[in-house]
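Only one structure is covered here, and it is reproduced in the block below.
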Amino acid sequence: HIARTIFRKTHYYPISSLINTEDTMKLYGTTTSPYARIARVVVFEKHLQNNIEFIWIKTRIPNDPFLSINPSGRVPFLLLSNGLGLEDTPAIVDYLDALQKPYLFLHTMDRKNWEYRRLESTAKAMLDGLAVWVREVRRPNDEQSPTIIDHELRRAERLSSFFNDLTSNPVFSEEMNLAQLYLFAALDLERRIPEFQWRTKNIELSKWFDQFNLRKSVKASLAPQPV
């Protein structure tokens, strides 16, 4: 048994005291955040969509009312019915998984599963780097850094090749886990970065992505198109 608690101020709240599957929670996210997409996949994978309301916002807006709910302004953010909130994708995934059995995302509970942890960390590094690339190309042309863009392009190319050789690894070929979600969300950014041409040289990875993309929870997690 692994005890899990959520910290707020100077008190620890056992996770059992925060869980009420009868209450409606609010999951804040943007229509473009890959991290919020991950959280939504888990909502549908766990069949929690009737208990969670998706709130679509825009971030980095001064005096946004969302900042009074989550001072960091980051998404995804899960607002519980008791007023407490959770941010950070792994924490939200663990919390959603704990809401009802069967537990699906057990890999992160075993902190000594080094094979899993190394691959999860590398998949997250790929997603984080691509997120930097996305933010950079969203800037006006005269504010973009060619050095940053080239750095993230090369990182993405290396990691695409790295994961192309790992699609048959149990971490990526068996039950859904956070490592798979990080990798999928990273590759899916091809929709926002036309220069991210990872498929050409990575046939096995392309097959893996297309198969993962067929999952009902993944399809359901697509955000509405921005107006």
Side-chain angles (χ1 to χ4, degrees), residues 4 6 8 13 15 17-105 108 123-124 127-128 130-131 134-135 138 175-193 209 212-227:
R4 289 182 290 173
I6 295 176
R8 182 174 182 263
Y13 294 83
I15 197 166
S17 70
L18 300 181
I19 293 173
N20 186 343
T21 56
E22 299 301 319
D23 291 336
T24 298
M25 297 162 281
K26 295 181 179 181
L27 181 61
Y28 290 80
T30 66
T31 57
T32 56
S33 168
Y35 304 94
R37 174 90 187 271
I38 288 173
R40 292 196 302 275
V41 172
V42 176
V43 168
F44 288 105
E45 194 71 17
K46 294 287 295 187
H47 305 289
L48 296 168
Q49 58 268 30
N50 292 332
N51 299 98
I52 296 180
E53 178 184 2
F54 297 136
I55 307 294
W56 306 104
I57 65 170
K58 292 184 178 180
T59 57
R60 306 188 182 193
I61 298 176
N63 302 316
D64 188 339
F66 175 61
L67 298 176
S68 65
I69 301 172
N70 179 20
S72 81
R74 300 178 66 184
V75 295
F77 180 77
L78 183 65
L79 182 65
L80 310 182
S81 59
N82 61 5
L84 296 178
L86 281 172
E87 70 170 295
D88 189 43
T89 304
I92 292 174
V93 169
D94 283 347
Y95 183 85
L96 294 174
D97 196 28
L99 286 174
Q100 62 185 27
K101 296 180 180 180
Y103 302 134
L104 304 178
F105 298 87
T108 55
K124 184 177 184 297
L127 176 56
D128 290 345
L130 281 158
V134 168
R135 286 194 292 270
R138 289 178 61 187
E175 294 83 2
M176 182 185 285
N177 55 52
L178 189 54
Q180 294 176 23
L181 289 170
Y182 281 140
L183 180 58
F184 170 81
L187 298 172
D188 189 52
L189 288 175
E190 66 179 351
R191 294 188 295 127
R192 301 184 60 200
I193 313 174
F209 176 88
F212 196 89
N213 204 21
L214 292 175
R215 299 183 71 120
K216 291 182 179 180
S217 59
V218 174
K219 289 182 176 181
S221 69
L222 270 172
Q225 293 297 313
V227 178

Do the side chains of Glu87 and Pro76 get nearer than 4.5 Å, heavy atoms only? no

Heavy-atom side-chain proximity of Leu181 to Lys124 below 4.5 angstrom: no

Out of the candidates Arg40, Arg37, Gln49, only one should pair with Ser221 under the side chain to side chain donor-acceptor pair (under 3.5 Å) rule; please name it. Arg37

From Val43, Leu127, Ile92, residue fulfilling side chain to side chain contact (heavy atoms under 4.5 Å, CB included) relative to Ile38: Leu127

Taking the side chain as C-beta and beyond, is there a heavy-atom pair between Asp88 and Pro90 under 4.5 Å? yes

Ignoring hydrogens, what is the shortest heavy-atom contact between Ala179 and Ala123? Give both atom names and the distance. O-CB, 3.6 Å

Note: Phe105 and Leu178 closest approach over all heavy atoms is CD2-N, 4.0 Å

I want to check something: taking the side chain as every heavy atom from C-beta on, are Pro224 and Trp56 in contact at a cut-off of under 4.5 Å? yes

Any idea which heavy atoms bring Arg215 and Met176 closest together, and the distance? NE-CE, 3.2 Å

Leu84 and Asn82 have their tightest heavy-atom pair at N-OD1, 3.1 Å

Within the side chain of Asp97, is there an N or O that forms a donor-acceptor pair under 3.5 Å with the backbone of Tyr103? no

Would Leu99 and Leu48 satisfy side-chain contact (heavy atoms from CB on, under 4.5 Å), going step by step from the backbone distance to the final call? CA-CA 9 Å; Leu99 286 174; Leu48 296 168; 3.7 Å; yes

Under the 3.5 angstrom rule, does the side chain of Asn70 hit a backbone N or O of Arg74 as a donor-acceptor pair? yes

Distance-minimising heavy-atom pair for Val134 and Arg192: CG1-NH2, 3.2 Å

Quick one, Phe54 with Phe44, criterion ring pair (Phe, Tyr, Trp, His ring centres under 6.0 Å). Give me CA distance, side-chain angles, the key distance, then yes/no. CA-CA 12 Å; Phe54 297 136; Phe44 288 105; 5.8 Å; yes

For the pair Glu175 (side chain) and Leu104 (backbone), establish whether a donor and an acceptor sit closer than 3.5 Å, ignoring hydrogens and angles. no

With no hydrogens and no angle check, do the side chains of Asn177 and Tyr182 hold a donor and an acceptor under 3.5 Å apart? no

For the residue pair Glu53 and Tyr28, establish whether any side-chain heavy-atom pair is separated by less than 4.5 Å. no

Taking the inter-plane angle between the rings of Phe209 and Phe184 on a 0 to 90° scale, is it parallel (under 30°), tilted (30 to 60°) or perpendicular (over 60°)? parallel

Please report the shortest heavy-atom distance between Pro71 and Ile69, naming the atom on each side. CD-O, 3.8 Å

Could you check Thr24 against Asn51 for side-chain contact (heavy atoms from CB on, under 4.5 Å), going step by step and ending with a plain yes or no? CA-CA 5 Å; Thr24 298; Asn51 299 98; 5.6 Å; no

Quick one: are Val93 and Thr89 in side-chain contact, heavy atoms under 4.5 Å? yes

Identify, with sequence neighbours excluded, every residue that meets side-chain contact (heavy atoms from CB on, under 4.5 Å) alongside Thr59. Thr30, Ile57, Val75

Keeping the roles fixed (side chain from Lys26, backbone from Leu78), state whether a donor-acceptor pair exists under 3.5 Å. no

